[in-house]
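See structure below.
A note on names: the letters A, B, ... follow the listed sequences, proteins ahead of strands, and every chain is numbered from 1.
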Protein chains: 2
Amino acid sequence: MGDQEPVVNPNLPVYVYVQVADAIERDIRTGRLPVGARLAGEQDLAEQYGIARGTARRVVQELRDRGLVVTLPSKGTYISEPPAEG
Amino acid sequence: MGDQEPVVNPNLPVYVYVQVADAIERDIRTGRLPVGARLAGEQDLAEQYGIARGTARRVVQELRDRGLVVTLPSKGTYISEPPAEG
DNA sequence: CCCGATTTGTGCGTATGTATC
DNA sequence: AGATACATACGCACAAATCGG
């Protein structure tokens, strides 16, 4: 359970942080990650996807930029109402 | 009392957190840190070994990965039965 | 029952070094 | 030469749980 590392493929001409962000956005839009749920922390994301912590941070920043999550300092990052696709 | 900072040598090609984890594992296997005893807190470890708290956290995580300790949130980290050396 | 100290958990920012593309 | 990515390391702040007085 919870194993889905194959999302990351360093050989693809797509940035790792974008690949992971896309995967998480998919999980949000399909409801696998429900609104209000807490996203895994940077360290956990790094371990789950087999990426570095710095990259995990870029993933979260990307998700924030997409308006998919909100981060509460010292608490965590939570799924928010996703905007329309586009 | 309790001064043993020379364990840490940033110039060595061995990560600081590994150096400290090795030192603690030694203390566990020699019985200096008996099973059931409470390991010093992250802040204390940081001060004792002259490292940052973040690094002390990685030390504890490493010890957990080695199966040498168990951590109880908001309580502390305790020495557990060490597995066979390998 | 509340207050403060302690401790782990988590986040943010930054820096260094290496490797790859 | 530069960007991406990885791993380590330092430092700081706050949250939440626990425990003792």
Practice task
To the nearest 10°, let me know how far the axis at one end of the helix from C:dC2-D:dG21 to C:dC21-D:dG2 is tilted from the axis at the other, five pairs an end.
Solution key: 10°

Quickly work out the [X] [atom1] to [N] [atom2] distance and round it to whole Å.
X: B:Leu39; N: C:dT6; atom1: CG; atom2: P; answer: 17 Å
X: B:Gln43; N: C:dT8; atom1: CD; atom2: C1'; answer: 12 Å
X: B:Gln19; N: D:dA7; atom1: CD; atom2: C1'; answer: 16 Å
X: B:Gln61; N: D:dA9; atom1: CD; atom2: C1'; answer: 14 Å
X: B:Tyr15; N: D:dA9; atom1: OH; atom2: P; answer: 8 Å
X: B:Tyr78; N: C:dT8; atom1: OH; atom2: P; answer: 9 Å
X: A:Arg64; N: C:dG13; atom1: CZ; atom2: P; answer: 7 Å
X: A:Arg53; N: C:dG11; atom1: CZ; atom2: C1'; answer: 8 Å

Handout entry: Results of salt bridge (Lys or Arg N to Asp or Glu O under 4.0 Å) for A:Arg29 - residues two or more places apart only
Key = A:Glu25

Tell me which donor-acceptor pairs under 3.5 Å the side chains of residues 50-59 of chain B have, and how far apart each pair is, sequence neighbours excluded?
{"from": "B:Arg53", "atom 1": "NE", "to": "B:Glu42", "atom 2": "OE1", "distance (Å)": "2.7"}
{"from": "B:Arg53", "atom 1": "NH2", "to": "B:Glu42", "atom 2": "OE1", "distance (Å)": "2.7"}
{"from": "B:Arg57", "atom 1": "NH1", "to": "B:Glu42", "atom 2": "OE2", "distance (Å)": "2.8"}

With a 4.0 Å cutoff (strictly under), does any side-chain N or O of [X] reach OP1 or OP2 of [N]?
X: B:Lys75; N: D:dA17; result: no
X: B:Tyr17; N: D:dT8; result: yes
X: A:Arg57; N: C:dG13; result: yes
X: A:Arg38; N: C:dG11; result: yes

Exercise for the section: Look only at the side chain of A:Thr77 and the backbone of A:Leu39, and say whether a donor-acceptor pair between them is shorter than 3.5 Å. Expected result: no

Practice task
Determine, step by step, whether B:Ile24 and B:Leu33 satisfy the side-chain contact (heavy atoms from CB on, under 4.5 Å) criterion, reporting the C-alpha distance in whole Å, the side-chain angles of both residues, the deciding distance to 0.1 Å, and the verdict.
Solution key: CA-CA 8 Å; B:Ile24 295 180; B:Leu33 285 176; 3.9 Å; yes

Problem - Side chain of B:Thr71 (C-beta onward), nearest among C:dT8, D:dA7, D:dG11 - result: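 Nearest to the side-chain atoms of B:Thr71, counting from C-beta on, is C:dT8.
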
Completion exercise
For B:Ala21 and B:Leu63 the tightest heavy-atom approach is O-CD2, 3.7 Å

Problem - Sugar-phosphate only, base, or nothing, as touched by A:Glu42 at under 4.0 Å among non-hydrogen atoms - result: sugar-phosphate

Exercise for the section: Could you tell me whether A:Gly41 contacts a base, only the sugar-phosphate backbone, or nothing, with contacts defined as non-hydrogen atoms closer than 4.0 Å? Expected result: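 Sugar-phosphate, backbone atoms only, no base.
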
Exercise for the section: Take B:Val60 and B:Leu45 through the test side-chain contact (heavy atoms from CB on, under 4.5 Å) and record every step on the way to the result. Expected result: CA-CA 9 Å; B:Val60 176; B:Leu45 284 178; 3.9 Å; yes

Practice task
Before giving the answer on side-chain contact (heavy atoms from CB on, under 4.5 Å), spell out for B:Tyr78 and B:Val69 the whole-Å C-alpha distance, their side-chain angles and the decisive distance to 0.1 Å.
Solution key: CA-CA 5 Å; B:Tyr78 298 83; B:Val69 301; over 6 Å; no

